[in-house]
Amino acid sequence: MDKLIQRFSMRRALRIRGGGRDGFTLIEVVVAMGILATGLLAVSAAQLYAMRGGRSGRHTTDAAEYAQSQVEVFERMDFADAALDATGGWTSNGVVQPSSQVQTAGAPVTEQAYALRYRIANGALVSGRLFMKTIDVQVTWDEPNRPGRVYSMTTMRHNDARSAN
């Protein structure tokens with residue numbers, strides 16, 4: 001009988017202290033799920049922001065590549081070439097389609113189109129001879145929620161016979 005009383009009082013003591021039961025209450029589970037949902041929402045918002053930033057950076061890099069390519073074309077020309085005459089304003093060089101395309105369920109789609117334009121201005125005269133030209137190149141494009149993006153590059157060409165090839 002003593003053993004039965006001892007066993008009963010032990011069970012009662014375990015029940016009172018909460019010992020002997022493993023698991024979580026419903027409130028603990030709901031609070032944990034709320035914290036997890038808030039954290040996942042923050043992570044997904046950060047992921048969307050990073051994707052937008054990555055796309056914008058890729059477009060800026062492409063624009064810089066097209067501008068640099070056009071500047072290199074002008075740098076390879078002879079200083080007296082007619083294509084390097086002063087333009088008197090901006091001259092459009094058309095729309096540049098990027099080489100990268102996004103694959104969709106149908107045909108590949110060009111992600112972004114860029115408009116390239118340039119301006120050439122005569123600079124310094126030395127002994128009555130044109131010595132310097134300034135070349136400005138601009139690439140423009142539109143992004144969702146950010147229209148009218150512009151990348152500009154400027155270089156100067158000089159007419160020095162000693163440095164000519």
Side-chain angles (χ1 to χ4, degrees), residues 5-77 83-84 86-123 132-158:
I5 292 173
Q6 188 180 14
R7 192 184 290 168
F8 177 75
S9 62
M10 204 161 143
R11 283 186 188 168
R12 186 169 180 223
L14 286 173
R15 239 184 270 141
I16 291 171
R17 284 184 293 169
R21 286 186 173 175
D22 292 334
F24 300 102
T25 65
L26 183 61
I27 293 175
E28 290 172 329
V29 171
V30 168
V31 168
M33 298 266 301
I35 292 170
L36 178 67
T38 303
L40 289 176
L41 184 63
V43 167
S44 65
Q47 180 67 25
L48 287 172
Y49 183 75
M51 287 171 53
R52 265 188 241 124
R55 182 175 45 242
S56 179
R58 186 175 59 252
H59 294 163
T60 303
T61 301
D62 286 346
E65 178 185 336
Y66 300 134
Q68 181 64 37
S69 177
Q70 184 63 51
V71 165
E72 288 175 5
V73 166
F74 287 133
E75 287 177 349
R76 285 191 301 264
M77 291 179 183
L84 280 177
T87 58
W90 289 101
T91 301
S92 177
N93 204 19
V95 174
V96 179
Q97 295 293 340
S99 57
S100 62
Q101 293 182 332
V102 177
Q103 189 66 37
T104 61
V109 176
T110 300
E111 183 180 15
Q112 188 66 51
Y114 302 87
L116 190 137
R117 63 187 193 154
Y118 62 91
R119 169 177 62 190
I120 301 173
N122 291 335
M132 185 85 54
K133 293 183 182 187
T134 303
I135 303 169
D136 298 312
V137 177
Q138 263 189 0
V139 179
T140 59
W141 71 99
D142 292 325
E143 289 180 4
N145 301 324
R146 295 181 75 187
R149 300 287 315 270
V150 177
Y151 183 88
S152 299
M153 184 177 284
T154 300
T155 188
M156 298 185 86
R157 284 284 312 265
H158 61 91

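Taking each heavy atom of T134 and M156 in turn, the nearest pair found is OG1-CE, 3.5 Å.
Remark: E28 engages F24, T25 in a side chain to side chain contact (heavy atoms under 4.5 Å, CB included) (not counting sequence neighbours). Under the rule for a salt bridge (charged side-chain N to carboxylate O under 4.0 Å, His left out), R55 has no partner lying at least two apart in sequence or in another chain. The side chain to side chain donor-acceptor pair (under 3.5 Å) check on E72 picks up Q68, with sequence neighbours excluded. The salt bridge (charged side-chain N to carboxylate O under 4.0 Å, His left out) check on E143 picks up R149, with sequence neighbours excluded. For T61, the side chain to side chain donor-acceptor pair (under 3.5 Å) criterion is met by no residue, not counting sequence neighbours. Annotation: side chain to side chain contact (heavy atoms under 4.5 Å, CB included) contacts of T87 (sequence neighbours excluded): T91, Y118, R119, I120. The side chain to side chain contact (heavy atoms under 4.5 Å, CB included) test applied to N122 returns A86, L130, K133, not counting sequence neighbours. When the side chain to side chain contact (heavy atoms under 4.5 Å, CB included) test is applied to V150, the partners found at least two apart in sequence or on another chain are Q138, T140, S152. With sequence neighbours excluded, no residue satisfies salt bridge (charged side-chain N to carboxylate O under 4.0 Å, His left out) with R146.
More than 12 non-hydrogen atoms from other residues, nucleotides or ligands lie less than 6.0 angstrom from CG of L48.
In this structure, NE2 in H59 is found 16.0 Å from OH in Y151, a value given to the nearest 0.5 Å. We find the CD-OG1 distance between E75 and T155 to be 4.5 Å, quoted to the nearest 0.5 Å.
Counting only heavy atoms from C-beta outward, the side chains of Q70 and L116 approach each other to under 4.5 Å.
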Full working for side-chain contact (heavy atoms from CB on, under 4.5 Å) between W141 and D62: CA-CA 10 Å; W141 71 99; D62 286 346; over 6 Å; no
Test log, rule side-chain contact (heavy atoms from CB on, under 4.5 Å), inputs I135 and L84: CA-CA 9 Å; I135 303 169; L84 280 177; 3.9 Å; yes
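For T60 (side chain) and S56 (main-chain N/O), a donor-acceptor pair under 3.5 Å exists by modelled atom type.
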Taking distance alone, no hydrogens or angles, what donor-acceptor pairs closer than 3.5 Å link side-chain atoms of residues 37-45 to residues at least two apart or in another chain?
| unit_1 | atom_1 | unit_2 | atom_2 | d |
| --- | --- | --- | --- | --- |
| T38 | OG1 | G34 | O | 2.9 |
| S44 | OG | L40 | O | 3.4 |
| S44 | OG | L41 | O | 2.9 |

